[in-house]
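All values below come from the heavy atoms of this structure, side chains included, with hydrogens, waters and symmetry mates left out.
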Amino acid sequence: MRKRLRALARAAMQTRDPLDRFPPARAAGLDRLRRFVPQAGADYARRRNHDLGRDAHEGVSQLSPWIRRRLITEEEVLAAVLGRHSARAAEKFVQEVVWRSYWKGWLEMRPSVWTAYRAGVLRALDRVATEGGLRRDWGAACRGETGLDAFDAWARELVETGYLHNHARMWVASIWVFTLRLPWELGADFFLRHLLDGDPASNTLSWRWVAGLQTQGKTYLARASNIERYTGGRFRPEGLAPSAPPLEGPPHPPVGPVPCSDGIDPAAPTGLLLTEEDLAPGFVFEAGVRPRATAFLSRTAGLSPLAVAPHVGAHVRGAMEDTAARWAERLGPVTWLGAADEIASWAAREGLTQIVTPWPCTGPVAEALDGTGVRRIVRPWDAAAWPHATHGFFRFKNHIPALLGQIRGPSAA
């Protein structure tokens, strides 16, 4: 039955290539940033909630696919924006960028929430395998065939382009949970299988927030009038749930320790491991690492027990190839690994006694590297932001001025 579920997931994937819109190269991300910066102030604040169609997202930055792999970094995005606008004028966009750091830090100190989500996906898929009604409704939602015009358009846009406007993501999640009454874990999995910017922290915790599990008791209700207003009248779906009672779930786990870098021996023969979690190794070199060799490892297939959309893996591979080309003089011989259990043999072949990697945040890469002995280095931006993600975002945002004060400006990412 699991094979049949994978086949259904593959059937929902279209042949249109999302990489044409979001080329997996730093130069493309920088170009998009350059074009967006003039709009990052009052224009962004005014237009950011409006989803006017899949080819009309100019009110938002659309930088997330590049930031997700750190082909461009949060610091340099903010440096570019604040070089044009005051922090007050660009407040809404600054907060949008910093939300990503907040979600990452929150989950790093509570990784069991990710583990519980993964278990929830498997339980929900077991139900799909045995409950015909749920299987039918889940399949219709993934294919964009529910009969709810707005939802169906967004589901197809996600599958075909690998991208959704943030407001549409909230509407889709709310309709999925409260109108279609599908397990939230399957919705989060649907997103993670298709989004070019799919991130375990942002995706999981945003779906939990909509369902009333993250800010416990507070939910997000998709309303037809709100959808009509912010889609320019394109949609006014009928039959949406009139209320959004929060889902039941356990309390948050206790806050765990703040991640800190592992010790590095600068004299040891060192290899650099780069993954889709962070493809900007400049800060690792600044920490004194001089790799004799570099390996690239992708765990994109580990995002879901079902088939991940081909464009997601292709975007990761393209981003890695771009990184390898840009940093060729610093990386040494480059190897492409197929699995984490190949790290030891690669290290032996290259005569390496120490493997270093940018910190792999909670998710498939971190799971794959657990127990491998790879030394992890926390990026300074993350080290400054994550300790403040102990409570809600509104407490976290009090620390934004201090975070902005440490931005160094453009860098070679």
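Remark: C142 SG to R193 CZ distance equals 5.0 Å, nearest 0.5 Å.
Ring pair F151/W171: centre-to-centre distance not below 6.0 Å. For an aromatic pair to be called close, the ring centres must be under 6.0 Å apart, and F396 with W386 fails this.
Applying the salt bridge (Lys or Arg N to Asp or Glu O under 4.0 Å) test to residues at least two apart or on different chains, the pairs with a partner in residues 167-184 are R169-D197. Screening residues 106-125 for salt bridge (Lys or Arg N to Asp or Glu O under 4.0 Å), with sequence neighbours left out, gives R118-E367. Legend: ring pair (Phe, Tyr, Trp, His ring centres under 6.0 Å) pairs involving residues 59-85, not counting sequence neighbours, sorted by first then second residue: F22-W66. Here salt bridge (Lys or Arg N to Asp or Glu O under 4.0 Å) pairs that include residues 382-407, with residues two or more places apart or in two chains, are R70-D382.
Between the side chain of S101 and the backbone N or O of A385, no donor-acceptor pair lies under 3.5 Å.
Between T335 and R349, some side-chain heavy-atom pair lies under the 4.5 Å cut-off. The closest side-chain heavy-atom distance from T73 to F283 is not below 4.5 Å.
Under the 30°/60° scheme for interplanar angles, the aromatic rings of Y44 and F36 are found to stand perpendicular.
Residues passing the side chain to side chain donor-acceptor pair (under 3.5 Å) test with D43 are R46, sequence neighbours excluded. Here F191 pairs with W207 under the ring-ring contact (aromatic ring centres under 6.0 Å, His included) rule; sequence neighbours left out. Applying the ring-ring contact (aromatic ring centres under 6.0 Å, His included) criterion to F235, with sequence neighbours excluded, gives W154. Qualifying ring-ring contact (aromatic ring centres under 6.0 Å, His included) partners for H252, counting only residues two or more places apart in sequence or in other chains: W106. In this structure, the side-chain contact (heavy atoms from CB on, under 4.5 Å) partners of H57, at least two apart in sequence or on a different chain, are R21, D51, V60, Q62, E157, Y163, H165. For T294, the side chain to side chain donor-acceptor pair (under 3.5 Å) test picks out no residue, with sequence neighbours left out. Applying the ring-ring contact (aromatic ring centres under 6.0 Å, His included) rule to F178 yields no partners; only residues at least two apart in sequence or on another chain are considered. Annotation: salt bridge (Lys or Arg N to Asp or Glu O under 4.0 Å) contacts of D262 (sequence neighbours excluded): R376.
A salt bridge links E321 with R317; the closest basic N to acidic carboxylate O contact falls under 4.0 Å. Salt bridge absent: R299 and E276 never bring a charged side-chain N and a carboxylate O closer than 4.0 Å. Taking the charged nitrogens against the carboxylate oxygens, K104 and D199 do have a contact shorter than 4.0 Å, which makes a salt bridge.
Looking only at atom types and distance, the side chain of W114 has no donor-acceptor partner in the side chain of T204 under 3.5 Å away.
Both the sub-6.0 Å distance and the 45° axial angle are not jointly satisfied by R290 relative to the ring of F285.
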>> Please determine whether side-chain contact (heavy atoms from CB on, under 4.5 Å) holds for the pair W359 and I377, giving the CA-CA distance in whole Å, both sets of side-chain angles, and the decisive distance to 0.1 Å.
In response: CA-CA 5 Å; W359 187 275; I377 302 181; over 6 Å; no
